[in-house]
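The structure appears below as structure tokens.
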Amino acid sequence: MKIFISSILLCVCFIFVSSVVASEPAAKSKQPQARQFKVGDPAPKFWGYNAGGDVYDYSKTCKGKTLLLVFWSLHDPDYQQLNQRLRKIRRQFLHEKNLTMVSQCVDQDYEAWMDYCNHQKKLDGNDFYSDARWIHQSQGGFNLEEVNSAKEYGVEKTPAFFLIGPDRKFLAVKIPEKDLVEQMKKVLKKQAASQ
């Protein structure tokens with residue numbers, strides 16, 4: 001009788017362990033996957049607060065423009081250097097009238113972002129955050145469960161760079177920073193040739 005009971009207990013344990021192991025891949029597959037985009041896909045809308053605390057949908061404001069969209073964070077190890085490199089890119093492409101750069105700080109702390117902006121050097125006489133060619137915005141203050149532009153773009157790590165065409169379709173996706181300038185030149189040259 002003991003052998004019979006032991007055999008039943010062993011079978012029950014085996015079935016239990018098998019069901020737990022079988023359910024693990026299913027549980028993992030329920031985790032949200034980062035959105036993946038490719039060139040030509042429609043770009044999601046993106047939202048942000050400007051330095052005045054107003055909410056703007058820059059995808060509407062910059063209609064008809066090619067956008068370099070940068071997601072970054074004050075927690076990035078080299079965010080200061082990143083923004084210095086972006087200053088150089090802005091200067092290099094200043095002659096491109098249909099190009100607008102948009103930097104979105106993904107952090108929730110709007111005050112920390114504003115403090116950072118207020119301590120930046122002016123750009124061509126304009127405050128850092130009011131330059132029409134390089135728009136700065138923050139997701140700080142949004143309920144990121146409802147509105148999260150970085151999440152909409154599938155950004156898991158910052159900085160992340162995207163080029164979006166005037167038709168609001170991706171021209172380049174998650175560009176490595178080392179390739180950013182060459183990718184921008186390539187895209188803008190192709191656009192100029194098609195006009």
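Computed from a prediction, not measured in an experiment: that's the story for all the values here. Computed from heavy atoms alone, side chains included, the values below leave out hydrogens, waters and symmetry copies. Numbers here simply count residues along the sequence, with the first being 1.
- Considering only heavy atoms from C-beta on, L171 stays 4.5 Å or farther from I164 through its side chain.
- Here the CZ atom belonging to F162 is positioned 8.5 Å from the CD1 atom belonging to I175, to the nearest 0.5 angstrom.
- Side-chain atoms of W134 and S103 form a donor-acceptor pair, as typed in the model, at a separation below 3.5 Å.
- Each salt bridge (Lys or Arg N to Asp or Glu O under 4.0 Å) pair with one or both residues in residues 181-192, not counting sequence neighbours, appears once here: E182-K185.
- What you find for S73 and T158 is that their closest heavy atoms are CB-OG1, 3.6 Å.
- Ring planes of F71 and Y153: tilted class, angle from 30 to 60°.
- Looking only at side-chain heavy atoms (C-beta outward), Y116 and N83 come within less than 4.5 Å of each other.
- At a threshold of 4.0 Å, the pair D76-K157 does not count as salt-bridged, since none of the basic side-chain nitrogens sits closer than that to a carboxylate oxygen.
- Shown here are the salt bridge (Lys or Arg N to Asp or Glu O under 4.0 Å) partners of E111, two or more places apart in sequence or in another chain: there are none.
- Applying the salt bridge (Lys or Arg N to Asp or Glu O under 4.0 Å) test to pairs two or more places apart or on separate chains, none has a residue in residues 65-74.
- Under a cut-off of 6.0 angstrom, the local environment of NE2 in H119 is sparse, with at most 12 non-hydrogen atoms contributed by other residues, nucleotides or ligands.
- Judged by distance alone, with hydrogens and angles left aside, the side-chain atoms of D41 form a donor-acceptor pair with the main-chain N or O of K38 at under 3.5 Å.
- D78 contributes no side-chain N or O that, together with a main-chain N or O of Q81, makes up a donor-acceptor pair within less than 3.5 Å.
- Inspection of the T66 and Q191 side chains reveals an N or O donor paired with an N or O acceptor under 3.5 Å.
- The pair R133-E96 fails the salt-bridge criterion, with no side-chain N (NZ, NE, NH1 or NH2) lying under 4.0 Å from an Asp/Glu carboxylate O.
- The shortest distance between side-chain heavy atoms of V70 and M101 does not fall below 4.5 Å.
- The closest donor-acceptor contact from the side chain of Q104 to the backbone of S149 lies at 3.5 Å or more, if one exists at all.
- Using a 4.5 Å heavy-atom cutoff, the side chains of V106 and N148 are not in contact.
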